[in-house]
There are 2 protein chains.
Amino acid sequence: MRSYRQYCSLAKALDVVGDRWTLLVVRELLLRGSARYTDLRDGLPGIATNLLAERLRELEEAGLVVREQAPPPVATTLYRLTPRGEELKVAVHALARWGAPLMVDDPGDDAFRGHWLAFPAEILLTDRTPDRAPVALEVRAGDAPVVLETGDGGVRLRPGPAERPDAVMSGEPRLVLGTLMGKLGLDEARERGLSYDGDPRVLGRLRPAS
Amino acid sequence: MRSYRQYCSLAKALDVVGDRWTLLVVRELLLRGSARYTDLRDGLPGIATNLLAERLRELEEAGLVVREQAPPPVATTLYRLTPRGEELKVAVHALARWGAPLMVDDPGDDAFRGHWLAFPAEILLTDRTPDRAPVALEVRAGDAPVVLETGDGGVRLRPGPAERPDAVMSGEPRLVLGTLMGKLGLDEARERGLSYDGDPRVLGRLRPAS
DNA sequence: CAGCATCCGCTTTGATACTG
DNA sequence: CAGTATCAAAGCGGATGCTG
């Protein structure tokens with residue numbers, strides 16, 4: 001990216017991460033921890049492969065990403081955020097939180113990946129009864145199932161499927177999200193096509209903090 | 001901006017504010033409250049005038065900016081953030097905070113405007129002795145003087161000059177910033193060309209929180 | 001002069017094909 | 001799998017022109 005040439009910390013930040021796709025690459029690395037090139041490309045539907053390569057090179061030069069050689073027998077290149085790159089989490093979360101209201105619009109034929117639910121889950125949801133035994137909710141909305149688990153008073157997401165989920169939810173991403181966020185009652189969501197199996201109280205336990 | 005077409009709140013946020021210059025336009029409106037077209041152009045050195053017009057139109061369509069007709073005798077158009085636009089403050093601050101370490105690099109011939117100091121001041125500085133009488137520090141670093149004032153335990157910036165400043169500081173932006181942030185001692189900063197008149201304890205009172 | 005719109009050369013991006 | 005190469009289209013930057 002061409003520099004803004006302004007002695008302002010916001011402009012300096014955007015000089016580094018203001019390019020198209022850059023923050024979405026950071027998103028994938030924040031969500032995945034470390035990832036192969038192909039994983040990243042799969043998590044960034046729509047990106048041109050040359051752009052992904054270019055962004056990764058720029059992020060590496062800026063010191064936000066390191067590439068590591070995975071040990072045999074895998075023997076592939078893994079990308080991972082440096083501590084400096086991890087520090088973007090606060091800003092990325094703030095932007096994601098700001099963008100959350102835009103999710104009520106019709107997704108149309110937007111792409112979706114299950115692990116993207118980690119932002120809403122970790123930013124917006126809280127565990128209403130953290131003293132009780134932890135629960136697990138398996139969610140099947142995108143390509144692969146994921147599990148929402150309570151823990152430390154919050155909600156975390158990990159790749160699924162769950163071993164013994166307390167409930168399983170599946171359906172269109174917007175239905176799943178609306179139900180999780182409490183915008184949609186379970187009955188109404190079911191009418192619109194959501195499938196929910198298991199203890200309905202699991203859903204009541206994971207509720208938006210605000 | 002072309003949409004990323006991803007059903008993810010970060011991608012949705014970037015669909016709206018991810019274009020080049022957009023967040024810097026938001027910065028100016030956050031810092032100024034409301035501004036004329038010409039004020040914005042002056043606060044965004046390097047922007048092409050057609051791009052500023054285009055960004056303002058896009059921000060208006062997205063519901064982040066409104067244009068108001070200033071009452072006579074001024075009779076000019078004023079731009080202002082909507083509440084939804086103001087909500088970007090959290091994300092903008094987070095990005096600016098992340099970018100702050102990049103300010104130690106040589107600014108070269110970067111442009112500078114005094115009111116840009118508001119980010120470091122409000123984000124990073126705190127009033128060490130909030131119970132004592134408020135103090136005012138006039139800073140002359142860019143085009144026009146600004147005043148840093150204590151209040152509510154924090155530090156605020158307003159357009160200067162101050163009426164009766166407790167101290168006046170002037171010099172290169174990097175020197176001013178380094179001194180404010182405590183990276184540079186007053187003596188060393190003076191050796192490098194900083195000018196400081198008034199009570200040195202004012203400087204000790206405004207200190208980085210972290 | 002404030003507030004844009006138009007034009008044009010250049011850079012970035014997007015889509016696809018191709019390679020070690 | 002992990003990219004590079006190519007090329008058309010879109011976006012940007014800079015200059016200039018127009019209108020109240």
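Below, chains carry the letters A, B, ... as their sequence lines are ordered, and counting in each starts from 1.
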(request) Quickly work out the A:Arg20 CZ to D:dA10 C1' distance and round it to whole Å. (result)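 In whole Å, D:dA10 C1' lies 10 Å from A:Arg20 CZ.
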
(message) Can you confirm whether the side chains of A:Tyr37 and A:Thr49 place a donor and an acceptor under 3.5 Å from each other?
(response)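 Result is yes, a qualifying pair exists.
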
(request) State which residue, out of A:Arg80, A:His115, A:Arg27, fulfils the side chain to side chain contact (heavy atoms under 4.5 Å, CB included) condition with A:Arg32. (result)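 Passing option: A:His115.
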
(message) When you measure from the side-chain N and O atoms of B:Trp21 to the phosphate of D:dG11, is any distance below 4.0 Å, counting only OP1 and OP2?
(response)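 No.
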
(request) Please state whether the phosphate of D:dG13, meaning OP1 or OP2, lies under 4.0 angstrom from any side-chain nitrogen or oxygen of A:Arg5. (result)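 No, because none of the side-chain N or O atoms of A:Arg5 sits under 4.0 Å from OP1 or OP2 of D:dG13.
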
(request) Report yes or no: is the cationic atom of A:Arg174 (NZ for Lys, CZ for Arg) under 6.0 Å from the centre of the six-membered ring of A:Phe112, at an angle within 45° of the ring normal? (result)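 No; the conditions do not both hold, so A:Arg174 does not lie above the ring face of A:Phe112.
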
(message) Measuring from atom CG of B:Leu51 to atom CD of B:Glu58, what distance do you get when rounded to the nearest 0.5 angstrom?
(response)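 Taking CG in B:Leu51 and CD in B:Glu58, the distance rounds to 9.0 Å.
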
(message) Rounded at 0.5 Å granularity, tell me how far CG in A:Leu56 sits from CH2 in A:Trp21.
(response)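 Going from CG on A:Leu56 over to CH2 on A:Trp21, the span is 13.0 Å.
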
(request) Mind running a 4.0 Å heavy-atom check of residues 39-66 of chain B against DNA chain C and sending the residues that fall below it, in number order? (result)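 The stretch gives B:Thr49, B:Asn50, B:Ala53, B:Arg57 as the residues lying under 4.0 Å from the strand, ordered by number.
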
(request) Hey, which sits more toward the 5' end of DNA chain C by its nearest nucleotide, A:Arg2 or B:Arg2? (result)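 First, find each residue's nearest nucleotide; the 5'-ward one identifies A:Arg2.
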
(message) If the test is salt bridge (charged side-chain N to carboxylate O under 4.0 Å, His left out), which one of A:Glu138, A:Glu149, A:Glu163 qualifies with A:Arg158?
(response)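 That would be A:Glu149.
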
(request) Apply the salt bridge (charged side-chain N to carboxylate O under 4.0 Å, His left out) test between A:Asp127 and each candidate in A:Arg156, A:Arg205, A:Arg207; give the one that qualifies. (result)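 Testing A:Asp127 for a salt bridge (charged side-chain N to carboxylate O under 4.0 Å, His left out) against A:Arg156, A:Arg205, A:Arg207 leaves exactly one candidate, A:Arg205.
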
(request) Could you check whether the rings of B:His93 and B:Phe119 sit parallel, tilted or perpendicular, using 30° and 60° as the cut-offs? (result)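 Ring orientation, 0 to 90° scale: perpendicular.
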
(request) With a 4.0 angstrom cut-off to heavy atoms of chain B, pull out the first and last contacting nucleotide of DNA chain C, in 5'-to-3' order. (result)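 Span of nucleotides near chain B: C:dA2 to C:dA15.
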
